[in-house]
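Below is one structure, written out as structure tokens; the observations come after it.
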Amino acid sequence: MKNLLFIFLVVIFLSACNEEKPEVVKELAKISKPIDLYEFGFKLNNYKVINDTIQKGESFGVIMDRHHVDYPLINKIASKIKDTFDVRRVRAGKPYTILASKDSLEKAQVFIYKHNKSTATIVEFNDSIVHGYNFRKKIKTVEKEIAGKIYSSFSVTMDSLHLNPNLTNAIADIYAWTLDFYKLQKGDHFKLIYEEQFIDDSTFVRYGKVKAAVFNHKGKDLYAYRFIPDPNKGIVEYFDEDGDMLRSQFLKSPIKFQYRISSRYNLKRKIKHYGYKVKPHRGTDFAANEGTPIMATASGTVSESAYRKRGNGHYVKIKHNNTYSTQYLHMRRRKVKRGQYVKQGDIIGWVGHTGSTEGRHVCYRFWKHGRQVDPFKQKLPAAEPLKKSLKPKFLAHINPFKKQLDNIKEAGYQELIIPSSTTTDTFKN
Ligand SMILES: [Zn+2]
């Protein structure tokens, strides 16, 4: 009977910390004799294990009292460990584990306050010793590879592969300068080599490095290899197979997520509103929801930030260098002032429909030598080319990854039937 109860507790405990793998739990339930289980360095078999969460208004003292620790000892604990952990700081919503004696008293002996999945403060106490310390679980890094195919959007495919949005966003950032994610086509496919980090062998904590990737778009392979050109600076960059940096001076779009190009640069545009006369459109319109953040597509200094009732509405213009400027029109609100320096990706305002416009969009204008051009027709400069002297080292570094990518089996594709979507969004934020 006692054995059964123990197995029951083990199952509860495992379900609490490993929700994603119920099959493991089922297997354990079949085992008739207890197996040794450890967490935070304790052999759990020796204790009654209580997993709970700090409730609103609950203090360390109240919790200890409930688990049969008397107040003189609670006070002793609080003062003894104050340099490691201030017990007044327990926060509602944080999980904790109490290891209590297995006898009928069920008196708490260990309090484990979990800061996150991998770190905790541990307080051990009995009548004679009180000891508090921080514990960090060992993190296991596992290299993974995966192949996926686009049916409606990149994020839908990533979801179907059970990869979380953090990885989706990381890949989107790597390719932000190279790939128009909104233009991905059904049948485009990709392969990734990346890391996952675990604690307790199987509990996922986070993603590690994205080491290499290839995106096949319209039949063309776009490789991305992680490489640190200058070990002293330690800045991670992604390069293609020729050593050209993927990051370029300009982002493909001033909107990161959920946009649709509603009108392109077109010098021969005719609109009904103007009686079908030729009315050139020198911008690219990115339609997005009202209030969507607008990013600077490259670093530079704000040369104009103003409001025009007719025409531009609230708009911002940024001078990037002597050759290029960019301009963003019809904002609901501006976030930057004239003369301010902005970095690539900084939010400079929000999508609206101020000035002469109807739909919610940002009209993005790209200036080269003082003339408006189509940014999508420009061969834009890479951020910084790889030094020639580094090329041999780089090629030696990427060679095994290229082989590995090419060997990832296409059988890994998740052939999912997804109703073709009319939305053109690429990601969920
Ligand atoms: Zn426009």
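All values below were derived from every heavy atom in this structure, side-chain atoms included, with hydrogens, water molecules and symmetry-related copies excluded. These numbers were taken from a predicted model, which means no experiment stands behind them. All ligand and atom numbering here is 1-based and tracks the order in the structure.
Shown are the protein N/O/S atoms under 2.8 Å from the Zn ion (ligand 1), given by residue and atom: His281 NE2, Asp285 OD1, Cys363 SG.
Note on Arg333 versus Glu290: no salt bridge recorded, every NZ/NE/NH1/NH2 to OD/OE distance being 4.0 Å or above. The existence of a salt bridge linking Arg206 and Glu196 is excluded, since no basic side-chain nitrogen approaches an acidic carboxylate oxygen closer than 4.0 Å.
Ser202 places no side-chain N or O within 3.5 Å of a backbone atom of Phe198 that could act as its donor or acceptor partner.
Few gaps surround NZ on Lys94; more than 12 heavy atoms of other groups in view lie less than 6.0 Å from it.
Residue pairs meeting the side chain to side chain donor-acceptor pair (under 3.5 Å) criterion with at least one member in residues 226-239, sequence neighbours excluded: Glu237-Arg247.
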Phe366 and Phe376: CA distance, side-chain angles, deciding distance, ring-ring contact (aromatic ring centres under 6.0 Å, His included) verdict | CA-CA 10 Å; Phe366 198 89; Phe376 295 100; 8.9 Å; no

